[in-house]
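Down below is the structure, laid out as structure tokens.
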Amino acid sequence: MYCYTKIQDDMYWIGGNDRKLSMFEGAIPMTEGMSYNSYFVDDEKTVVLDTADDSVSRVFHDNLEHLLGDRPLDYVIVNHVEPDHSASLCELVRRHPEVKIVATSKIKNMLKNYVSWNIDDNFQQIDEGDELSTGKHVFTFVNTPMVHWPEVMMTYEKTTGTLFSADAFGIFGAHDGNIFADCYDFERDWLPYARRYYTTIVGKFGKFTLGALKKAGTLDIKMICPLHGYIIRKDFEKYLNAYTAWGSYEAEEQGVLVLYASPYGNTQNAAEILASEMAANGVAKMKIMDVSHTDPMYILPEVFRFSNLVIATTTYNGDMFIKMEEALTEMRSMGVSNKKVSIIQSGSWAPTAGKKVQEMMDQLKGIEYVGDVVTVKGTVKEDSRAALETLAKEIAESLN
């Protein structure tokens with residue numbers, strides 16, 4: 001049965017929510033589900049903007065068929081080829097062989113990798129800046145490559161000031177009935193899920209994100225319709241500010257994220273002592289995470305969030321502990337930059353993990369080390385505790 005939402009006089013959300021999803025793209029664990037957004041414009045010429053994932057294809061087609069009635073579907077605009085947004089395209093064309101697929105040549109070439117029929121029969125090529133009039137509405141197109149695939153574009157509807165932003169401004173999580181972002185608390189319900197979405201999917205492509213924001217800044221935007229999450233229709237500045245910070249690799253908060261790997265609890269003890277001493281030195285914003293019990297995809301957003309990073313790891317086979325290596329590898333993969341880093345290494349007989357950590361950190365941009373590497377041999381003793389106290393003071397000073 002159809003389940004759509006009217007978002008303007010003749011614009012509708014026609015996507016769906018997958019509430020059973022536990023692993024997005026086979027890599028990102030989640031408990032809150034995922035929304036897949038598709039949009040329909042009911043004009044003299046009918047338009048769909050992107051399709052939807054296979055998991056919600058049934059309700060997507062029910063929504064579209066109910067809104068179309070016995071009319072033809074004139075256009076489907078493809079902003080992004082990734083299968084969670086184009087998987088329903090083949091079935092859409094089968095049901096509506098009259099439809100024209102509107103997209104750039106780059107999108108066309110990528111679509112050919114996912115369809116088995118001759119796309120030329122249905123394709124209408126456009127380029128950046130071209131316009132498509134459907135009656136009341138006029139659509140124009142903006143190339144935004146690498147946010148986060150090379151073919152991506154955004155579509156701007158000039159009459160209503162609506163930006164169909166592809167994956168930009170997307171967040172994790174299914175809709176809770178309301179589809180508009182202003183129905184939710186920004187700090188609680190949007191920012192953490194948007195941060196995790198951006199950092200785990202787009203994070204590596206900061207300069208392209210800033211390029212897309214620059215182009216968007218030239219448009220008179222009244223509403224932003226992303227392919228995941230909530231539609232933004234007011235208070236644009238706070239959403240843009242968040243994306244600008246992430247794209248610039250600027251910390252949202254002057255504070256400290258402490259990551260530790262501790263098979264027997266001794267490195268954890270060092271991390272706890274450091275945090276306690278930092279608090280005594282006036283550090284108010286801190287978070288401690290055990291990399292053995294936290295997926296790297298939950299660690300990464302917190303790395304982006306805080307200005308300072310403490311890496312506390314035991315030595316394992318002459319290297320850092322495997323779970324810490326996984327977390328740091330994900331940071332490197334997503335281009336984490338501009339962090340103040342402190343290191344604690346531990347080991348029973350040859351604590352050498354610190355060197356391995358620094359080798360990996362040196363591959364990142366804008367890394368500044370705070371304090372000397374603190375070494376814990378076995379358990380924290382008075383000398384290593386004193387070193388932790390000194391490090392805590394140096395980290396606190398680096399926040400000023």
Side-chain angles (χ1 to χ4, degrees), residues 21 23-25 27-35 37 84 144 146-148 165-176 180-210 212-213 216 224 226-232 235-259 284-289 291 294-310 326-340 364-366:
L21 185 67
M23 188 72 72
F24 184 63
E25 295 184 347
I28 306 169
M30 56 187 0
T31 58
E32 58 276 276
M34 177 63 90
S35 65
N37 299 341
D84 57 333
T144 53
M146 301 316 300
V147 187
H148 62 118
S165 62
D167 270 341
F169 301 100
I171 72 169
F172 289 134
H175 300 148
D176 291 324
F180 295 106
D182 54 276
C183 295
Y184 300 86
D185 183 271
F186 175 80
E187 297 284 344
R188 183 192 64 210
D189 302 320
W190 189 88
L191 187 59
Y193 300 102
R195 183 192 297 117
R196 187 154 65 91
Y197 181 87
Y198 178 89
T199 58
T200 57
I201 293 177
V202 187
K204 183 177 182 178
F205 306 113
K207 69 176 183 179
F208 296 100
T209 300
L210 297 180
L213 292 175
I224 299 174
L227 287 176
H228 296 293
Y230 306 131
I231 295 171
I232 301 168
D235 301 325
F236 295 103
E237 185 175 2
K238 61 186 180 183
Y239 300 96
L240 291 169
N241 286 346
Y243 261 75
T244 299
W246 299 330
S248 303
Y249 303 101
E250 295 176 355
E252 293 174 63
E253 297 187 38
Q254 290 296 305
V256 186
L257 174 66
V258 180
L259 301 179
K285 295 182 178 179
M286 288 183 284
K287 187 164 188 174
I288 303 175
M289 303 182 82
V291 298
T294 310
D295 191 278
M297 295 301 185
Y298 283 94
I299 293 170
L300 189 62
E302 302 305 317
V303 174
F304 269 74
R305 177 183 169 193
F306 288 103
S307 60
N308 286 56
L309 175 64
V310 175
E326 290 176 1
L328 300 192
T329 297
E330 191 59 36
M331 293 181 210
R332 182 178 62 189
S333 174
M334 283 302 179
V336 167
S337 304
N338 304 331
K339 296 296 169 187
K340 296 178 181 179
L364 305 180
K365 296 178 180 179

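Bear in mind that the values here come from a model prediction, so they are computed numbers and not experimental data.
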> Checking side chain to side chain contact (heavy atoms under 4.5 Å, CB included) for the pair F172/L21: CA distance, chi angles, key distance, verdict?
Replying inline: CA-CA 11 Å; F172 289 134; L21 185 67; over 6 Å; no
>> Looking at E252 and R305, is there a salt bridge between them, counting it only when a charged N and a carboxylate O are closer than 4.0 Å?
In response: no
> Where the side chain of Y243 meets the backbone of Y198, is there a donor-acceptor pair that is under 3.5 Å apart?
Replying inline: no
>> Please evaluate residues M34 and I28 with respect to the criterion side chain to side chain contact (heavy atoms under 4.5 Å, CB included), reporting the C-alpha separation (whole Å), side-chain torsions for both, the decisive distance (0.1 Å), and the verdict.
In response: CA-CA 12 Å; M34 177 63 90; I28 306 169; over 6 Å; no
> Measuring from L257:CG to K339:NZ, what's the distance to the nearest 0.5 Å?
Replying inline: 8.5 Å
> Parallel under 30°, tilted from 30 to 60°, perpendicular over 60°: which one fits the rings of F208 and F205?
Replying inline: perpendicular
>> Please give me the minimum heavy-atom distance between V291 and A327, naming the atom from each residue.
In response: CG1-CB, 4.2 Å
>> Determine whether a donor-acceptor pair (N or O, by modelled atom type, separation under 3.5 Å) exists between the side chain of Y184 and the backbone of D176.
In response: yes
>> Check the orientation of Y249 and F304. Use parallel for under 30°, tilted for 30 to 60°, and perpendicular for over 60°.
In response: tilted
> Any idea how Y197 and F24 line up, ring-wise: parallel (<30°), tilted (30 to 60°), or perpendicular (>60°)?
Replying inline: tilted
>> Quick one: does any side-chain atom of N37 pair with a main-chain N or O of P226 as donor and acceptor, under 3.5 Å?
In response: yes
>> Could you report the tightest heavy-atom contact between I171 and G229, atom names first, then the distance?
In response: CG1-CA, 3.7 Å
> Looking at R196 and E32, does any basic side-chain N land under 4.0 Å from a carboxylate oxygen?
Replying inline: yes
> Is the count of non-hydrogen atoms from other residues, nucleotides or ligands lying under 6.0 Å from K207 atom NZ greater than 12?
Replying inline: no
>> Between I231 and H175, is the side chain to side chain contact (heavy atoms under 4.5 Å, CB included) condition met? List the steps.
In response: CA-CA 10 Å; I231 295 171; H175 300 148; over 6 Å; no
>> side chain to side chain contact (heavy atoms under 4.5 Å, CB included), that's the test. Do V303 and E330 meet it? Break it down for me.
In response: CA-CA 11 Å; V303 174; E330 191 59 36; over 6 Å; no
>> On a heavy-atom basis, which atom in L240 and which in F169 lie closest, and how many Å separate them?
In response: CD2-CZ, 3.6 Å
>> Please give me the minimum heavy-atom distance between S165 and A168, naming the atom from each residue.
In response: OG-O, 2.8 Å
> Any idea which heavy atoms bring A251 and F306 closest together, and the distance?
Replying inline: CB-C, 3.7 Å
> So which heavy atom on D167 is nearest to which on V147, and how close?
Replying inline: CB-O, 4.3 Å
